Structure formats: C-alpha cells, structure tokens
Amino acid sequence: MKSPLHSVHAPKPIGPYTQAMRAGDFVFISGQLGIDPETGKLHGKSAAEQTSQVLKNIRAILTAAGLTIEHVVKTTIYLADMDEFGAVNDVYGDVFHEDPPARSTVQVARLPMDARVEIEVIAMRRPQTSA
C-alpha cells in the first residue's frame, strides 16, 4: 500500500509528481530543488545556498511524514557542476554529520529551473535492529 505525503512548508511540485510517497516502512522523497516555498523561486544563486534550502525542504517533508533527518538511509545528489561538489558537501555534512546515509552524487547536463543542485531521499520509518 502506498500513500502520498505533502508538507505546506516545502515547495509544491513543479510537475506531475508528489513531494513524497510512503510505501510500507519507507518514505521516498522526490528530488528537491532549492525552491523557497514562500516565493516559489530558487533560494540564492550558489550551489551551497541552494543546498541549504533543499535540506530545509527535505526536513519539512520528513516532518510531515513523522520522521527526522536521522531516518534517512539513502540520498542521491544531482549537481549541475561537479566543481561545486565541495561546497555542497560542506552544507550536506553539517546536516548529515552523524551516521550519514548511503549516497550517490552525479553531475547532470541540466536541472529544472536551472538549479545548481537537486537531492532525492529515501527514509525508513523504523530503524532495523542489528542481527
């Protein structure tokens, strides 16, 4: 069974998708851009500024799902320019500093709204116990 999730504190989707989908114990958060939910515009010009807003948006969606950043098990980061990896990594590391999730980072040709960064997330509602 799956159910869509929505937070009024994160930007509305800019296409035919939902902010997030709960499926069993997992929550799949659609790729988030650094859109300010109040203005509908990208926050800042730099990858670091946009990453900060992306992570705020992700936290808002996680909160709507009854989760926190500690429930995140996997992220995928899409960068417009791999030269901005260090700046994005610094902001990301401030949020995911303890037991960071698995992660992939790739450079793409272009992102919606000419964003510098997009991040998608998989979170798990209940942590697995050690065997």
Side-chain angles (χ1 to χ4, degrees):
M1 181 176 204
K2 66 179 186 173
S3 60
L5 297 167
H6 176 75
S7 171
V8 297
H9 302 291
K12 294 178 183 177
I14 59 173
Y17 58 91
T18 185
Q19 287 177 337
M21 187 67 67
R22 176 174 283 144
D25 286 337
F26 291 93
V27 172
F28 298 86
I29 298 179
S30 297
Q32 294 295 304
L33 302 176
I35 299 172
D36 181 323
E38 292 184 17
T39 66
K41 298 182 187 223
L42 288 172
H43 174 78
K45 300 248 184 240
S46 74
E49 291 170 309
Q50 290 182 21
T51 300
S52 179
Q53 184 64 51
V54 167
L55 293 169
K56 286 179 188 176
N57 296 342
I58 288 169
R59 279 187 160 143
I61 297 167
L62 287 167
T63 298
L67 302 176
T68 67
I69 210 78
E70 287 77 26
H71 290 94
V72 175
V73 296
K74 171 75 166 80
T75 64
T76 303
I77 301 175
Y78 302 94
L79 295 175
D81 185 347
M82 196 57 81
D83 287 342
E84 297 174 317
F85 178 83
V88 169
N89 208 42
D90 288 345
V91 176
Y92 181 95
D94 287 342
V95 173
F96 294 106
H97 49 82
E98 203 168 307
D99 295 326
R103 180 178 95 178
S104 301
T105 305
V106 296
Q107 179 175 316
V108 296
R110 193 171 179 197
L111 290 166
M113 299 177 69
D114 289 322
R116 306 304 304 155
V117 63
E118 179 175 351
I119 302 176
E120 66 181 26
V121 168
I122 300 172
M124 191 169 71
R125 286 185 359 187
R126 288 182 279 177
Q128 292 184 339
T129 58
S130 300

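This chain uses plain numbering: 1 for the first residue, then up along the sequence. Since we're looking at a predicted model, the values are computed, not measured.
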Any side-chain heavy atom of [X] sitting closer than 4.5 Å to one from [Y]?
{"X": "Asp94", "Y": "Asp90", "result": "no"}
{"X": "Glu120", "Y": "Tyr78", "result": "yes"}
{"X": "Ile14", "Y": "Met113", "result": "yes"}

| query | More than 12 heavy atoms of other residues, nucleotides or ligands under 6.0 Å from NE2 of His6: is that the case? | reply | yes
| said: Considering only residues two or more places apart or on different chains, which pairs with a residue in residues 48-57 satisfy side chain to side chain donor-acceptor pair (under 3.5 Å)? | reply: Ser46-Glu49, Gln53-Asn57
Measure the spacing between [atom1] of [X] and [atom2] of [Y] and express it to the nearest 0.5 Å.
{"X": "Glu84", "Y": "Ile77", "atom1": "CD", "atom2": "CD1", "result": "12.5 Å"}
{"X": "Asp99", "Y": "Ile69", "atom1": "CG", "atom2": "CD1", "result": "13.0 Å"}
{"X": "Phe96", "Y": "Thr75", "atom1": "CZ", "atom2": "OG1", "result": "6.0 Å"}
{"X": "Lys74", "Y": "Met124", "atom1": "NZ", "atom2": "CE", "result": "15.0 Å"}
{"X": "Ile61", "Y": "Leu67", "atom1": "CD1", "atom2": "CG", "result": "11.5 Å"}
{"X": "Ile119", "Y": "Leu79", "atom1": "CD1", "atom2": "CG", "result": "8.5 Å"}

Please tabulate, for side-chain N and O atoms in residues 20-40, each donor-acceptor pair with protein atoms closer than 3.5 Å (sequence neighbours left out).
{"residue": "Arg22", "atom": "NH2", "partner": "Ala65", "partner atom": "O", "Å": "2.6"}
{"residue": "Asp25", "atom": "OD1", "partner": "Arg126", "partner atom": "NE", "Å": "3.4"}
{"residue": "Asp25", "atom": "OD1", "partner": "Arg126", "partner atom": "NH2", "Å": "2.8"}
{"residue": "Asp25", "atom": "OD2", "partner": "Arg126", "partner atom": "NE", "Å": "3.4"}
{"residue": "Asp25", "atom": "OD2", "partner": "Arg126", "partner atom": "NH2", "Å": "2.7"}
{"residue": "Ser30", "atom": "OG", "partner": "Thr18", "partner atom": "O", "Å": "2.6"}
{"residue": "Gln32", "atom": "NE2", "partner": "Ser30", "partner atom": "O", "Å": "3.2"}
{"residue": "Asp36", "atom": "OD1", "partner": "Glu38", "partner atom": "N", "Å": "2.7"}
{"residue": "Thr39", "atom": "OG1", "partner": "Lys41", "partner atom": "N", "Å": "3.1"}

| Chi angles and distances behind the side-chain contact (heavy atoms from CB on, under 4.5 Å) call for Asn89, Arg103 | CA-CA 11 Å; Asn89 208 42; Arg103 180 178 95 178; 2.8 Å; yes
| Hey, quick one: are Val108 and Val121 part of the same hydrophobic cluster, counting side-chain heavy atoms closer than 4.5 Å, chains of contacts allowed? | no
